[in-house]
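For reference, the structure is listed below as structure tokens.
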Amino acid sequence: MLQLSYIRDNKDAVLTGLQKRHFTNAEAIIEQVLALDQHRRDTQRDLDDTLAQSNAKAKEIGVLMKSGDKAAAEAAKAETTNLKVHSKALEDALRLAEQQLQDILVTIPNIPHSSVPAGRTADDNEVVLEHGKKPTLYDGAQPHWELIKKYGVNGPIIDFELGVKIAGAGFPVYRGKGARIQRALINFFLDEAMAAGYMEVQPPIVVNEESGFGTGQLPDKEGQMYYVPEDKLYLIPTAEVPITNLYRDVIVPENQLPICNVGYTPCFRREAGSWGAHVRGLNRLHQFDKVEIVRIEKPENSYTALENMSQHVQSLLQKLELPYRVLRLCGGDMGFTSALTYDMEVWSAAQERWLEVSSVSNFETYQANRLKLRSKMEGKMQLLHTLNGSALALPRILASILENNQTPNGIRVPAVLVPYCGFEMID
RNA sequence: GGAGAGAUGCCUGAGUGGCCGAAAGGAACAGUUUGCUAAACUGUCGUACUCGCAAGGGUACCGAGGGUUCGAAUCCCUCUCUCUCCGCCA
């Protein structure tokens with residue numbers, strides 16, 4: 001959520017930013033916000049004045065009572081009636097104005113960073129860099145959804161049909177070496193993050209409504225999350241939600257900054273309406289595993305931190321020997337809450353497609369404002385910047401390892417994972 | 001699931017109708033003392049909104065929401081959450 005004071009003082013910048021996102025009706029909406037804000041402040045001032053008068057009267061009555069002047073006290077009481085009626089009305093008006101403002105503010109996305117390219121769709125994203133050589137596969141190479149059936153003991157190493165039996169489509173069962181390589185990846189990612197200075201956390205994988213609001217999933221994206229009505233809990237779509245919300249309503253002592261957390265969790269996404277032919281196999285799932293890095297930074301350091309996170313993610317891909325590219329998302333393709341997002345995509349050799357495996361974003365104060373996440377810096381209370389990134393999401397990494405490393409004799413496990421999973425080949 | 005207790009500032013904890021935005025202690029921060037550390041002493045020490053160039057002022061907030069009252073942390077109602085005991089159970 002943008003800060004009102006920011007919109008007030010930087011109307012033009014806000015409008016240009018929203019334009020970059022192709023946010024419709026920006027001008028009208030901002031005008032409405034400013035008008036409502038003015039009205040809210042006027043109302044607040046009136047209310048405060050009225051309440052100040054009431055307080056003065058009450059005090060006066062107290063003194064009169066004590067001095068035993070009953071008649072004067074009663075007379076003063078009579079004078080409060082009007083004030084009461086008046087303040088009641090103003091209170092209602094204030095609450096309404098605040099609610100209306102809030103309702104609009106939550107629909108306004110974050111302002112893109114100046115480096116965010118213009119553009120509407122994924123095709124307009126800027127390719128920042130490409131790294132590694134796309135492998136040439138042997139004749140007869142297969143996509144991962146075929147490969148998984150080729151290996152494994154008494155069944156595929158990743159069994160989609162078994163998952164259907166247990167839960168439904170998009171909930172695969174990992175078996176044998178399929179399960180072990182998953183676990184190896186998780187441990188590898190966690191160890192790498194810790195070596196890079198992140199502290200591991202294991203958060204709950206369900207969250208309440210406040211948490212969903214804090215990071216910006218609610219209101220709006222409720223359709224994407226699994227919900228448990230009995231307990232009013234959402235299954236997390238990413239560890240970003242619980243980990244960032246650890247710092248909701250927190251005033252962080254300046255000397256504890258920056259905060260760098262890493263967590264492994266399963267993630268759950270309903271993916272309503274996004275099913276299609278190109279999401280076969282591991283490309284899109286309802287449940288998947290992900291290691292997420294989250295940082296809380298001083299405003300002046302957040303973009304350095306973002307680059308740093310991007311480097312960290314890239315180093316993982318390099319160690320896994322996967323060809324990848326880095327995209328800077330354009331205004332139209334960026335997430336609602338982000339100011340700048342890098343997507344990392346790995347090359348999936350048999351599908352001959354880039355697969356998104358990480359998304360690293362700086363939210364600046366957008367989430368912090370909702371979270372009330374602040375620090376007292378230079379004597380002033382200030383909102384902090386939040387950032388997060390996948391480091392990494394498992395299924396597509398696994399898909400490209402399977403596809404890129406396939407040989408006629410089996411699938412070669414990246415060297416860096418061998419100590420973690422204890423075998424060199426899936427065969 | 002059953003029974004009970006409670007929710008106050010960074011923490012502990014006092015406060016049962018006006019003198020309470022809230023005692024006291026601790027923590028933290030700044031300073032004095034000191035060869036260093038420690039101790040002692042002094043001072044500072046909530047947040048939000050709002051008015052003001054500023055100094056400074058106003059308002060709200062003692063789990064949340066409502067009510068009683070001229071006046072509520074304090075009385076009443078509803079809700080939420082936490083803790084303890086019992087039951088069940090990983």
Side-chain angles (χ1 to χ4, degrees), chain A residues 1-9 33-106 202 204-214 218 228-234 242 245-257 259 266 296 298 365 367-384:
Chain A
M1 204 160 65
L2 297 176
Q3 296 164 86
L4 255 178
S5 58
Y6 180 80
I7 299 178
R8 221 155 36 205
D9 300 338
V33 166
L34 292 175
L36 265 170
D37 178 46
Q38 188 58 53
H39 174 241
R40 181 197 116 247
R41 284 193 287 165
D42 292 344
T43 310
Q44 168 117 43
R45 202 169 335 112
D46 286 354
L47 175 62
D48 286 354
D49 287 350
T50 312
L51 289 174
Q53 287 178 50
S54 289
N55 288 344
K57 271 282 176 252
K59 214 156 258 182
E60 199 181 309
I61 291 165
V63 173
L64 289 172
M65 299 282 258
K66 204 156 269 180
S67 71
D69 194 342
K70 274 230 167 99
E74 286 307 320
K77 274 192 198 180
E79 292 176 45
T80 62
T81 316
N82 260 341
L83 290 171
K84 261 180 111 172
V85 174
H86 196 200
S87 62
K88 217 20 145 224
L90 286 168
E91 238 165 65
D92 291 345
L94 181 64
R95 197 169 314 167
L96 181 66
E98 281 172 344
Q99 188 57 54
Q100 287 172 331
L101 257 180
Q102 167 92 353
D103 288 349
I104 300 179
L105 283 175
V106 297
Q202 290 190 11
I205 60 169
V206 292
V207 291
N208 56 27
E209 196 176 331
E210 296 82 68
S211 300
F213 177 81
L218 298 173
V228 185
E230 193 71 20
D231 300 294
K232 296 188 175 141
L233 292 171
Y234 293 87
N245 271 282
L246 296 177
Y247 301 94
R248 172 154 46 86
D249 288 319
V250 169
I251 298 169
V252 183
E254 187 176 1
N255 61 16
Q256 286 180 16
L257 294 168
I259 290 171
I296 294 164
K298 291 187 189 187
T365 59
Q367 292 182 327
N369 191 32
R370 293 173 160 227
L371 294 161
K372 297 199 175 65
L373 165 53
R374 296 159 297 168
S375 183
K376 199 166 206 164
M377 293 176 285
E378 285 154 12
K380 255 183 28 207
M381 206 52 93
Q382 291 178 59
L383 291 173
L384 292 164

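All chains are named by letter (A, B, ...) in the order of the sequence lines, taking the proteins before the strands, and each is independently numbered beginning at 1. Computed from a prediction, not measured in an experiment: that's the story for all the values here.
With a 3.5 Å ceiling on both atom-pair distances, B/G71 lacks any Watson-Crick or G-U wobble partner. When both distances must be under 3.5 Å, the Watson-Crick or G-U wobble mate of B/U12 is B/A24. B/G1 is paired with B/C86 under the criterion used here, namely a Watson-Crick or G-U wobble arrangement in which both key atom distances are under 3.5 Å. Across the strands present, B/A38 finds no partner; the criterion is a Watson-Crick or G-U wobble pair with both atom distances under 3.5 angstrom. When Watson-Crick and G-U wobble pairs are counted only if both distances are under 3.5 Å, B/G43 pairs with B/C29. Summarising the base pairing, B/C49 is matched to B/G58 through a Watson-Crick or G-U wobble pair whose two defining distances lie under 3.5 Å. When both distances must be under 3.5 Å, the Watson-Crick or G-U wobble mate of B/U78 is B/A64.
Across A/L51 and A/S87, no two heavy atoms sit closer than the pair CD2-CB, 4.0 Å. For the pair A/R8 and A/L34, the tightest heavy-atom approach, listed with the atom from each and the gap, is CA-CD2, 3.9 Å. In plain terms, the two heavy atoms of A/N369 and A/M1 that are nearest each other are ND2-O, 3.0 Å.
Spacing of P atoms, B/U8 relative to B/C83, comes out at 13 Å, to the nearest Å. Spacing between B/C62 and B/G25 at atom P, rounded to whole Å, works out to 25 Å. Comparing the P positions of B/C19 and B/G58 gives an interatomic distance of 15 Å, to the nearest angstrom. For B/U32 and B/G21, the P atoms lie 36 Å apart once the distance is rounded to whole Å. Using C1' as the reference atom, B/G26 and B/G17 are 31 Å apart when rounded to the nearest Å. One C1' atom belongs to B/U42, the other to B/G46, and the distance between them is 22 Å to the nearest Å. The gap from the P atom of B/U84 to that of B/C77 amounts to 27 Å, rounded to the nearest Å. Across B/G18 and B/G2, the matching C1' atoms stand 43 Å from one another, rounded to whole Å.
Atom CD of A/E91 and atom P of B/C49 are 18 Å apart (whole Å). Atom CE in A/M381 sits roughly 13 Å away from atom C1' in B/G9 (whole-Å rounding). Counting to the nearest Å, the C1' atom of B/U50 and the CD atom of A/E98 are 11 Å from each other. For A/E254 and B/A28, the CD to C1' distance is 14 Å, given to the nearest whole Å. As rounded to whole Å, 16 Å separates atom C1' of B/A48 from atom CD of A/Q382. Rounded to an integer number of Å, the gap from A/K372 NZ to B/C61 C1' is 12 Å. Rounding to whole angstrom units, CD of residue A/Q256 and P of B/A28 are separated by 13 Å. Going from atom CZ of A/R41 over to atom P of B/A60 covers 20 Å, rounded to whole Å.
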Find every protein N or O atom lying less than 3.5 Å from an N or O atom of nucleotides 64-74 of chain B, and list the pairs.
| unit_1 | atom_1 | unit_2 | atom_2 | d |
| --- | --- | --- | --- | --- |
| B/G66 | OP1 | A/R95 | NH1 | 2.9 |

What N/O pairs connect the protein and nucleotides 52-59 of chain B at under 3.5 Å? Give each pair on its own line.
| unit_1 | atom_1 | unit_2 | atom_2 | d |
| --- | --- | --- | --- | --- |
| B/G58 | N2 | A/D48 | OD2 | 2.8 |
| B/U59 | OP1 | A/N55 | ND2 | 3.2 |
| B/U59 | O2' | A/D48 | OD1 | 3.0 |

For nucleotides 76-83 of chain B, list the nitrogen or oxygen atoms of the protein found under 3.5 Å from its nitrogen or oxygen atoms, one pair per line.
none

Tell me which donor-acceptor pairs under 3.5 Å the side chains of residues 75-83 of chain A have, and how far apart each pair is, sequence neighbours excluded?
| unit_1 | atom_1 | unit_2 | atom_2 | d |
| --- | --- | --- | --- | --- |
| A/E79 | OE1 | A/K57 | NZ | 3.0 |
| A/T80 | OG1 | A/K77 | O | 2.5 |
| A/T81 | OG1 | A/A78 | O | 3.0 |

Result block: side-chain N/O donor-acceptor pairs under 3.5 angstrom for residues 250-257 of chain A, not counting sequence neighbours:
| unit_1 | atom_1 | unit_2 | atom_2 | d |
| --- | --- | --- | --- | --- |
| A/E254 | OE2 | A/K298 | NZ | 3.0 |

Q: For side chain to side chain contact (heavy atoms under 4.5 Å, CB included), just list the numbers for A/V106 and A/R370, CA-CA rounded to whole Å, side-chain angles, deciding distance to a tenth of an Å, and then say yes or no.
A: CA-CA 9 Å; A/V106 297; A/R370 293 173 160 227; 3.7 Å; yes
Q: Applying side chain to side chain contact (heavy atoms under 4.5 Å, CB included), run through A/L233 and A/N208 and close with a yes or a no.
A: CA-CA 5 Å; A/L233 292 171; A/N208 56 27; 4.3 Å; yes
(Q) If you apply the rule side chain to side chain contact (heavy atoms under 4.5 Å, CB included), what do you find for A/L105 with A/I7, and how did you get there? (A) CA-CA 10 Å; A/L105 283 175; A/I7 299 178; 3.7 Å; yes
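Ion pairing between a basic and an acidic side chain is recognised when a charged N comes within 4.0 Å of a carboxylate O; A/R45 and A/D48 show no such pairing.
Residue A/K376 places at least one side-chain N or O closer than 4.0 Å to OP1 or OP2 of B/U47. Neither OP1 nor OP2 of B/U50 sits under 4.0 Å from any side-chain N or O of A/R45.
For A/R374 and A/D37, each mapped to the nucleotide of RNA chain B holding its nearest heavy atom, the one lying further toward the 5' end belongs to A/R374.
Under the 3.5 Å distance criterion, with hydrogens and angles disregarded, no donor-acceptor pair is assigned to the side chains of A/Q53 and A/D49. Using a 3.5 Å distance cut-off with no hydrogens or angles, the side chains of A/T43 and A/D46 do not pair a donor with an acceptor.
By the neighbour-count criterion of 12 heavy atoms within 6.0 Å, atom CD of A/Q382 is densely surrounded, having more than that number from other residues, nucleotides or ligands.
With sequence neighbours left out, the side-chain hydrogen bond (donor to acceptor under 3.5 Å, both in side chains) criterion links A/E91 to no other residue.
Rounded to the nearest 0.5 angstrom, A/T365 OG1 and A/Y6 OH are separated by 8.5 Å.
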